[in-house]
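I have placed the structure first, in the form of structure tokens, so that the comments after it can refer back to it.
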Amino acid sequence: MKYIFVVFVMLLSGCSDNAVVNVYDKTFAQKKVECMRLLVFPPDSTITNALQPLYPFDEQCSTVLEVSKKEGITCNSNQNYEKKALEGFPTSYLKLQISKNKRLLYSYYIDLKESVTQEDVKEAFKRVKSDLILE
């Protein structure tokens, strides 16, 4: 029982290695996405350069793919001391969210142990393409 509680607390404390995907509107995932506008915030050329060749983004589209990252993260939770010591710990994250008319439809989030690379961005978008019907 004690083991189950520890695992539960670790899951709630965040800083995980695996991508978390949420589809907030199931009908969105079942329809073809006609177009998307790319919004990278804060602006980042690594992310933009990785995504531009992968999809024909349209600045006039009302469906928005918003991409963000954060680096230099430290997690000070005492529940994660074993993971820090044995596996290393995530120091950055990458987040992709798709919304339309300010309504969140889909999100992808992953913790990373290194800085975000173009390969991380490409892998994330590959997952988006496998979850949704693009083009």
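All residue numbers refer to positions in the sequence shown, counting from 1.
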Would you compute the distance between atom NZ of Lys122 and atom NZ of Lys129 and round it to the nearest 0.5 angstrom? 12.0 Å

Answer yes or no: is there a side-chain heavy-atom contact under 4.5 Å between Leu54 and Val121? no

Taking Met36 as the starting point, is it possible to reach Leu39 by hopping between hydrophobic residues whose side chains are less than 4.5 Å apart? no

Tell me, do Tyr24 and Leu105 make a side-chain contact under 4.5 Å, heavy atoms counted? no

Looking only at heavy atoms, which two atoms of Glu59 and Arg37 are closest? And how far apart? O-CD, 3.2 Å

Per the side-chain contact (heavy atoms from CB on, under 4.5 Å) rule, which among Val67, Ile47, Leu51 passes with Phe125? Leu51

Over all heavy atoms of both residues, which pair between Ser92 and Ser115 is shortest? Give the atoms and the distance, please. OG-CA, 4.0 Å

Tell me, with the steps shown, if Val116 and Tyr93 meet side-chain contact (heavy atoms from CB on, under 4.5 Å). CA-CA 7 Å; Val116 176; Tyr93 73 76; over 6 Å; no

Return each pair, listed once, that meets ring-ring contact (aromatic ring centres under 6.0 Å, His included) where at least one residue sits in residues 35-67; pairs must be two or more places apart or across chains. Tyr55-Phe57

Is a side-chain N or O of Thr117 found less than 3.5 angstrom from the main chain of Asp120, in a donor-acceptor match? yes

Roughly how far, to the nearest 0.5 Å, is the OH atom of Tyr109 from the CG atom of Asn22? 12.5 Å

Lys32 meets the side chain to side chain contact (heavy atoms under 4.5 Å, CB included) criterion, sequence neighbours left out, with Glu34, Ile133

With clusters defined by side-chain heavy atoms of hydrophobic residues (ILVMFWY) lying less than 4.5 Å apart, directly or transitively, does Val64 cluster with Leu134? no

Closest heavy-atom contact between Ala124 and Leu96? CB-CD1, 3.7 Å

Within residues 40-51 or reaching into it, pairs that qualify as side chain to side chain donor-acceptor pair (under 3.5 Å) - sequence neighbours excluded: Asp44-Lys69

Within-4.5 Å side-chain heavy-atom neighbours: Phe28 and Leu132: yes

Once disulfide (SG to SG under 2.5 Å) is applied, what residue pairs with a partner in residues 18-48 remain, sequence neighbours excluded? Cys35-Cys61

Apply salt bridge (charged side-chain N to carboxylate O under 4.0 Å, His left out) to Asp25 and list each qualifying residue two or more places apart in sequence or on a separate chain. Arg103

Name all residues meeting the side chain to side chain donor-acceptor pair (under 3.5 Å) criterion together with Arg127; count only those two or more places apart in sequence or in a different chain, and write none if there are none. Asp131

For the atom pair OG1 (Thr63) and CG (Asn101), what is the distance rounded to the nearest 0.5 Å? 8.0 Å

